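Keep in mind that this is a model prediction, so the values were computed, not measured. Side chains are part of it too, since the values below use all heavy atoms of this structure and drop only hydrogens, waters and symmetry mates.
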Amino acid sequence: MLYRPQFPQALSDTAAALLQKLGKSQAFEPYPGFTTSINGELLHAPYRVYYDERALQQCIQESSGAAQQLALCLGSRHANGHVRETCLRQLLEHDCTWVLPFVVRAAGEYVLEIAEHLTAQTHRLSPHSYGRFAAENPEFVTACKQQAASYWDCYHRQRYPLLRQHPGIRFLRWVDEARRSLPHAD
């Protein structure tokens with residue numbers, strides 16, 4: 001059975017059209033990846049997608065608004081780390097709630113350059129938005145931190161001798177601090 005991502009209801013028409021358009025360039029099925037809650041609605045995102053890179057870039061360039069943001073979100077899950085990084089850099093320009101899980105998820109992955117860029121951009125991001133997301137999805141943020149720690153241990157320990165120095169961990173700690181700074185946060 002072909003896996004289908006699930007996005008908030010407000011995006012259902014946009015997502016259906018985009019997935020149909022991108023599905024024509026798909027080399028392999030996307031596999032289930034992560035689930036988060038966005039204002040009480042579930043978002044199921046693929047672990048990896050294998051869309052043709054040129055078709056994905058064309059789709060991003062020809063789209064605008066929610067369709068472009070959604071294409072960037074899917075691109076942030078691409079099998080090619082360079083495509084993921086390019087899409088995430090553009091995705092940081094958008095401060096809508098359903099984009100946040102894709103950004104947070106990327107901080108826990110093994111491409112160090114992505115985590116470094118995310119950490120360098122926290123001054124431009126909305127602590128309130130990320131804090132609210134983390135408050136609604138504490139287990140997801142914890143899982144991302146655990147994965148970042150695992151990649152640090154396997155691949156990045158020499159460059160960052162202390163776990164707290166790792167850029168993915170630093171970004172995810174920033175997300176946690178944003179959650180704690182919310183009024184009535186735990």
Does the pair Glu62/Lys21 count as a salt bridge with the N-to-O cut at 4.0 Å? yes
Distance-minimising heavy-atom pair for Ala106 and Leu88: CB-CD1, 3.3 Å
Under the rule for ring pair (Phe, Tyr, Trp, His ring centres under 6.0 Å), what residues qualify as partners of His156, not counting sequence neighbours? His166
Is there side-chain contact between Leu56 and Asp52, with heavy atoms separated by less than 4.5 Å? no
Is the backbone N or O of Gly75 less than 3.5 Å from a side-chain atom of Arg84, with the two atoms forming a donor-acceptor pair by type? no
Under a plain distance cut-off of 3.5 Å, with no hydrogens placed, do Arg105 and Gln147 share a side-chain donor-acceptor pair? yes
Working to the nearest 0.5 angstrom, can you tell me the gap between Cys59 SG and Arg54 CZ? 15.0 Å
Given the rule that I, L, V, M, F, W and Y join up when any side-chain heavy atoms are under 4.5 Å apart, are Val99 and Leu42 in one cluster? no
Partners passing salt bridge (Lys or Arg N to Asp or Glu O under 4.0 Å) against Arg124 (at least two apart in sequence or in another chain): Glu93
Straight-line distance of Gln69 CD to Leu74 CG, nearest 0.5 Å: 12.0 Å
Does this structure show an ion pair linking Glu177 with Arg170, if we count only N-O contacts that are shorter than 4.0 Å? no
Strictly distance-based, threshold 3.5 Å: is any side-chain N or O of Glu85 a donor or acceptor partner for the main-chain N or O of Ile114? no
Validation row: His82, Val111 side chains within 4.5 angstrom (heavy atoms): no
Before giving the answer on side chain to side chain contact (heavy atoms under 4.5 Å, CB included), spell out for Thr36 and His44 the whole-Å C-alpha distance, their side-chain angles and the decisive distance to 0.1 Å. CA-CA 7 Å; Thr36 63; His44 300 289; over 6 Å; no
Any donor-acceptor pair under 3.5 Å linking the side chain of Arg179 with the backbone of Ala134? no
Main-chain N/O of Gly40 paired to Glu136 side chain as donor or acceptor, under 3.5 Å: yes
Write down the atom of Leu22, the atom of Tyr51, and the distance for their closest heavy-atom approach. O-CD2, 3.3 Å
For Arg132, look at atom CZ and say whether over 12 heavy atoms of other residues, nucleotides or ligands are found less than 6.0 Å away. no
Answer yes or no: is there an ion pair linking Glu109 with Arg48, defined by an N-O contact shorter than 4.0 Å? yes
Any non-hydrogen side-chain atom of Leu125 less than 4.5 Å from a side-chain atom of Leu118? no
CD1 (Ile60) and CD (Gln68) are apart, to the nearest 0.5 Å, by 7.5 Å
Please give me the minimum heavy-atom distance between Gly168 and Ala115, naming the atom from each residue. N-CB, 3.5 Å
N-O pairing of Arg173 and Asp176 below 4.0 Å: no
By salt bridge (Lys or Arg N to Asp or Glu O under 4.0 Å), Asp153 pairs with (sequence neighbours left out) Arg157
Taking ring pair (Phe, Tyr, Trp, His ring centres under 6.0 Å) as the test, write out the residues that go with Phe140, two or more places apart. Phe34, Phe133
Is the shortest heavy-atom distance from the side chain of Cys73 to the side chain of Trp98 under 4.5 Å? yes
Does a side-chain N-to-carboxylate-O contact under 4.0 Å join Arg159 and Glu116? yes
Which pair of non-hydrogen atoms, one from Val103 and one from Leu92, has the smallest distance, and what is that distance? CG1-CD2, 3.8 Å
Hey, what do you get for OG1 (Thr97) to CG (Asn39), rounding to the nearest 0.5 Å? 4.5 Å
With distance as the sole test, does Asn137 use its side chain to make a donor-acceptor pair with the main-chain N or O of Ser37 at under 3.5 Å? yes
Excluding sequence neighbours, so at least two apart, what forms ring pair (Phe, Tyr, Trp, His ring centres under 6.0 Å) with Trp174? Tyr130, Phe171
Show the nearest heavy-atom pair for residues Ile169 and Ala148, with the distance to one decimal. CD1-CB, 3.8 Å
Quick check: do Glu53 and Asn80 have side-chain heavy atoms less than 4.5 Å from each other? yes
Report the distance from atom NE2 of His117 to atom OG1 of Thr122, rounding to the nearest 0.5 Å. 11.0 Å
Looking only at heavy atoms, which two atoms of Ala67 and Leu18 are closest? And how far apart? O-CD2, 3.8 Å
Should Val175 and Leu163 be regarded as members of a common hydrophobic cluster, given that ILVMFWY residues are connected when their side-chain heavy atoms come within less than 4.5 Å of each other, either directly or indirectly? no
For the atom pair SG (Cys96) and CG (Leu11), what is the distance rounded to the nearest 0.5 Å? 8.0 Å
Residues in side-chain contact (heavy atoms from CB on, under 4.5 Å) with Ser126, at least two apart? Asp95, His128, Ser129
Hey, does the side chain of Glu41 reach the backbone of Gln9 with a donor-acceptor pair shorter than 3.5 angstrom? yes
Could you check whether any side-chain N or O of Thr119 sits under 3.5 Å from a backbone N or O of Pro167, counting only pairs where one atom can act as donor and the other as acceptor? yes
May I ask you to test the Cys87-Phe102 pair for a side-chain heavy-atom distance under 4.5 Å? no
